[in-house]
J.: 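Input: one structure, supplied below.
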There are 2 protein chains.
Amino acid sequence: MPKSSVSKLVPKVPSVPGASRRAAYSASTKRALVDVAEELFTEHGYANASLDSIVAGAQVTKGALYHHFAGKQALFEAVFERVEDDASRTIQKAIKGHKDPWDKARTGLRTFLTVVQEPRYRRIVVQDGPAVLGHERFREQEERSTYANVVDIVRSVLVAGAWELDEDMVETFSRIFFGAMASAGESVAGADDPIVAADRVEVAISFIISGFQALTEAGVALPSGLGQRREPAQD
Amino acid sequence: MPKSSVSKLVPKVPSVPGASRRAAYSASTKRALVDVAEELFTEHGYANASLDSIVAGAQVTKGALYHHFAGKQALFEAVFERVEDDASRTIQKAIKGHKDPWDKARTGLRTFLTVVQEPRYRRIVVQDGPAVLGHERFREQEERSTYANVVDIVRSVLVAGAWELDEDMVETFSRIFFGAMASAGESVAGADDPIVAADRVEVAISFIISGFQALTEAGVALPSGLGQRREPAQD
DNA sequence: TTCAAGTACGTACTCGCAGTATGCGAGTGC
DNA sequence: GCACTCGCATACTGCGAGTACGTACTTGAA
């Protein structure tokens with residue numbers, strides 16, 4: 001029994017000028033798939049969200065799914081990308097306009113702590129992301145979105161501190177802060193009172209940054225010429 | 001003395017006095033299962049390591065597996081626990097004897113950066129752990145092992161800094177440093193030259209800690225009375 | 001208008017794998 | 001010695017990802 005009549009659920013009409021009618025419909029079902037997938041992946045997790053339930057939710061069949069995506073993982077990746085992009089954009093919006101680096105850092109942190117509380121971000125990016133995509137692709141995706149913001153902020157702060165750093169060191173500091181924020185975000189999201197917890201995190205990180213500033217004033221330099229130090233791994 | 005004629009694949013003889021022969025054999029197969037599972041989970045990941053391949057590797061059948069474990073996840077949990085415990089013990093051993101807190105922190109960090117390079121730790125704890133166990137159980141497990149070490153170290157450092165902190169703040173700082181270390185560890189493990197990368201991480205974190213020390217000398221206090229600060233964050 | 005080609009799906013299957021039901025022999029307590 | 005239950009083996013079930021193939025509707029050319 002063909003579904004034939006398109007009476008009920010009408011997809012969005014071709015909003016992209018120049019695109020054909022068919023292409024518009026196609027894009028519409030693809031979006032529907034990603035929408036439903038995001039919802040079910042968030043609610044049940046990657047492993048417990050069956051493709052059958054996803055295509056059912058999107059009112060299509062597996063044929064449609066496999067026409068648009070190479071498989072379950074590819075579908076997840078599409079969802080992942082969207083969630084990450086949204087998060088990244090939210091942060092960028094928030095920090096735009098702040099020119100003082102410390103101020104920018106604080107705002108970025110605060111925004112991140114908000115974003116990380118969204119269920120979809122926690123589940124899809126933080127929890128399932130690494131396992132499903134694997135280290136490799138997970139990192140690749142991150143680099144182009146949220147992590148890039150962190151690098152940007154860290155660079156501003158370090159430059160403001162009048163430290164001369166090679167890029168490797170910026171990388172290292174960024175990784176450290178990114179991890180710190182992610183972990184802190186987790187504890188915030190899981191706290192009884194997220195607002196209080198977020199405040200605590202902010203205080204703690206501000207304190208750490210204060211340490212940076214103190215070192216600036218004291219004229220302490222970062223050791224340069226990394227890569228020379230040798231230590232026989234285990235002592 | 002047990003009969004020595006049991007030819008090949010002899011399981012460990014009852015090394016636990018008081019335990020019956022049967023119990024010893026049972027414990028042996030259980031260990032074999034966890035051993036093989038650890039290996040295959042590490043190599044192929046949780047999702048791609050089939051129970052059939054695990055029981056085959058352990059030279060038993062699914063009957064044995066389901067006799068000892070409730071299911072695949074339970075088996076993973078046993079593996080996870082062991083890997084975490086090993087890591088925790090390694091770190092504890094390393095920092096034992098160091099009484100200077102800063103020194104202890106540095107040693108702990110260095111050891112952790114070594115541990116996190118073990119494939120089994122990266123795959124089982126870092127990559128698959130959160131997805132398989134879920135936030136809840138993952139955190140529970142962590143709290144009793146590696147994370148506990150971090151809390152210990154952070155507490156020493158903060159006490160040494162002559163700061164008076166409530167436990168919540170110790171928690172917060174610990175989370176932050178734990179996340180920082182985990183993330184840093186990831187970048188170390190993925191670097192072209194892990195030794196150089198580890199050095200960079202050490203320098204960066206040492207620098208941060210130096211900031212703490214600078215603040216100590218400057219007599220800067222941490223803002224206390226957390227939880228009062230409010231920010232109209234909707235709701 | 002017709003028609004050939006291709007696109008965007010739908011239908012019906014396969015196969016691998018986690019989990020289950022059940023049987024059975026070898027220790028173990030009495 | 002005897003019942004019993006423990007530790008495991010065998011055989012099966014069901015679910016879910018992926019595949020092969022059919023088909024209606026578009027689209028562009030003649």
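Below, chain A is the first sequence line, B the second, and so on; all start at residue 1.
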J.: Could you tell me whether the side chain of Thr146(A) and the main chain of Glu142(A) form a donor-acceptor pair under 3.5 Å?
T.: no

J.: Given atom CZ of Phe76(A) and atom P of dG18(D), what is their separation to the nearest angstrom?
T.: 14 Å

J.: Donor-acceptor pair, Lys72(B) side chain versus Tyr46(B) backbone, under 3.5 Å?
T.: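 Side chain of Lys72(B) to backbone of Tyr46(B): a pair is present.
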
J.: Is the cationic atom of Arg175(B) (NZ for Lys, CZ for Arg) positioned less than 6.0 Å from the six-membered ring centroid of Tyr147(B) and within 45 degrees of its normal?
T.: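 Yes, Arg175(B) and Tyr147(B) form such a contact.
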
J.: Leu51(B) has an atom CG; how far is it from atom P of dG19(C), in whole Å?
T.: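 The answer, rounded to whole Å, is 7 Å.
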
J.: For the backbone of Ala24(A) and the side chain of Ser28(A), can you confirm whether one donor and one acceptor N or O come within less than 3.5 Å of each other?
T.: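 A pair under 3.5 Å: no.
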
J.: May I ask you to decide if Ser26(A)'s main-chain N or O and Thr29(A)'s side chain share a donor-acceptor pair within less than 3.5 Å?
T.: yes

J.: Check whether any side-chain nitrogen or oxygen of Ser50(A) sits under 4.0 Å from OP1 or OP2 of dC15(D), and answer yes or no.
T.: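 For dC15(D), OP1/OP2 do not have a side-chain N/O of Ser50(A) under 4.0 Å.
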
J.: Can you list, by residue number, the residues of residues 32-49 of chain B that have a non-hydrogen atom closer than 4.0 angstrom to DNA chain C?
T.: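 Under 4.0 Å from DNA chain C: Ala49(B).
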
J.: Heavy-atom contacts under 4.0 Å between residues 65-75 of chain A and DNA chain C, which residues?
T.: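 His67(A), His68(A), in order of number.
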
J.: Looking at Ser26(A), does any N or O in its side chain come under 4.0 Å of the phosphate oxygens OP1/OP2 on dC9(C)?
T.: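 For dC9(C), OP1 or OP2 has a side-chain N or O of Ser26(A) closer than 4.0 Å.
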
J.: So, taking the atom named NZ in Lys93(A) and the one named OG1 in Thr107(A), what distance separates them when rounded to the nearest 0.5 Å?
T.: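 With rounding to 0.5 Å, NZ (Lys93(A)) is 15.5 Å from OG1 (Thr107(A)).
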
J.: I'd like to know if Lys62(B) reaches the base of dA18(C) with its side chain, counting only an N/O donor and acceptor under 3.5 Å.
T.: yes

J.: Scan Thr61(B) against the nucleic acid and name what it touches under 4.0 Å (heavy atoms): base, sugar-phosphate only, or nothing.
T.: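 Base, at least one base atom sits under 4.0 Å.
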
J.: With a cut-off of 6.0 Å (strictly less than), are more than 12 heavy atoms of other residues, nucleotides or ligands near CZ of Arg106(B)?
T.: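 No, because the 6.0 Å sphere around CZ of Arg106(B) holds 12 heavy atoms or fewer from other groups.
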
J.: Closer than 4.0 angstrom, basic N to acidic O: yes or no for Asp35(B) and Arg31(B)?
T.: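 Yes, Asp35(B) and Arg31(B) are salt-bridged.
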
J.: Tyr25(A) has an atom OH; how far is it from atom P of dC25(D), in whole Å?
T.: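 Going from Tyr25(A) (OH) to dC25(D) (P), I get 13 Å.
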
